Amino acid sequence: MSKKRVLVTGAGGFIGHHLTNYLKNEDFWVKGVDIKHPEYEPTAADEFELLDLRRWENCLLAVRDVDQIYNLAANMGGIGFIETHKAEIVHDNILINMHMLEAARQNNIEKYFYTSSACIYPMYKQKSSDVIPLKEEDAYPADAEDGYGWEKLYTERACRHYFEDYGLKTYAVRFHNIFGPLGTYDGGREKSPAAICRKIALAKKEDEIEVWGDGNQTRSYCFIDDCVEGIYRLMQSEYHQPLNLGQDRLISINQLVDIVAKIAGKKIKKQYDLSKPQGVRGRNSDNTRLSKILNWEPQISLEEGLEKTYRWIYTQLAKNGKIQGG
Ligand code: NAD
């Protein structure tokens with residue numbers, strides 16, 4: 001039997017690159033598409049095309065001769081980026097997502113996967129550090145993160161419309177803070193675990209680092225290997241509604257800093273910058289439905305994931321001559 005042919009968009013980015021590796025290991029033929037090549041190592045894709053997916057004709061080119069689509073391409077970044085680039089994010093991501101859905105329909109694609117986000121959850125359910133974990137049905141009445149979150153929520157609905165009206169088998173996950181090696185760690189688009197690893201890698205044995213907010217804001221963090229495994233498992237199911245994909249261990253930014261400091265063997269004090277964006281006060285994933293649908297939950301501990309991520313970021317910084325004697 002010939003191999004299934006899959007398209008991964010955003011294959012030059014963090015999760016798309018790891019997903020490409022995973023699918024290659026599962027013996028798929030993989031086409032990767034992005035506006036850039038992966039930054040830190042070459043792609044494992046059988047074919048890789050540089051295409052701007054905001055453009056309709058490029059989406060038609062991208063979906064040619066493939067059976068399934070994993071649509072991960074998006075203009076995005078950490079909280080510092082998404083709170084200051086709302087128009088650009090909404091403009092780019094609406095174009096990418098509507099064009100990709102329609103191109104998938106016109107090409108009779110078997111399965112279509114979409115990456116939504118925990119940013120779709122209402123602000124009013126995330127006002128304290130000690131939050132109740134978010135269930136999928138908590139998304140409504142909607143009050144999503146302004147900009148990035150609303151676009152994700154709307155595209156989830158568009159996926160449902162394409163499933164119900166056209167029979168396109170769509171799948172959607174709501175990621176909760178995915179982190180790991182080969183993710184952006186500097187330049188302004190990095191997320192909190194990578195930024196904290198970088199700051200601590202660059203710090204002296206005893207030092208102080210800047211923390212955004214008062215450090216009592218809480219989140220749950222999911223390691224990349226669990227993320228791609230969850231994506232793959234969902235695509236083997238017949239579940240076509242949005243599903244949380246994340247860990248359900250709630251920790252504060254202060255605790256995150258302490259864990260990374262311990263891994264690094266450094267004594268780190270925190271200097272709080274209350275003028276910096278910190279997003280919602282608290283957010284956690286309720287994994288009841290995830291474990292029921294996939295018969296599985298993320299397995300890798302935060303400590304193990306952070307250890308791998310810290311080592312990788314430290315090595316990158318040393319390679320680039322940023323760490324003295326590294
Ligand atoms: P990423 O920024 O590393 O990857 C996104 C990729 O999309 C980038 O390589 C980028 O170049 C590409 N892209 C942007 N505009 C494009 C365009 N016009 N045409 C083609 N490619 C384009 O981000 P990631 O962390 O790998 O995220 C992947 C997906 O998961 C995104 O849809 C993101 O919104 C979603 N997500 C990620 C997280 C997380 O914690 N990382 C959380 C929630 C949702």
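Since we're looking at a predicted model, the values are computed, not measured. Residue numbers run from 1 in the order of the sequence given. In each ligand, atom 1 is the first atom listed, and ligand 1 is the first ligand listed.
- Cation-pi geometry between R189 and F81 is met: the NZ or CZ atom falls under 6.0 Å from the ring centre, inside 45° of the normal.
- Taking the six-membered ring for Trp and thresholds of 30 and 60 degrees, Y232 and Y22 have ring planes inclined between 30 and 60 degrees apart.
- The two residues C197 and I313 make their nearest non-hydrogen contact at CB-CD1, 3.7 Å.
- Ring geometry, W312 versus Y185: the interplanar angle exceeds 60°, so the pair is classed perpendicular (tilted spans 30 to 60°).
- Contact between F28 and D46 at its shortest, heavy atoms only, is O-OD2, 4.0 Å.
- Of all heavy-atom pairs spanning L53 and C59, the tightest one is O-SG, 3.2 Å.
- Ordered by chain and residue number, the residues placing a heavy atom less than 4.0 Å from ligand 1 are G10, G12, G13, F14, I15, D34, I35, K36, L51, D52, L53, R54, L72, A73, A74, M76, I96, T115, S116, S117, Y148, K152, F175, N177, I178, K191.
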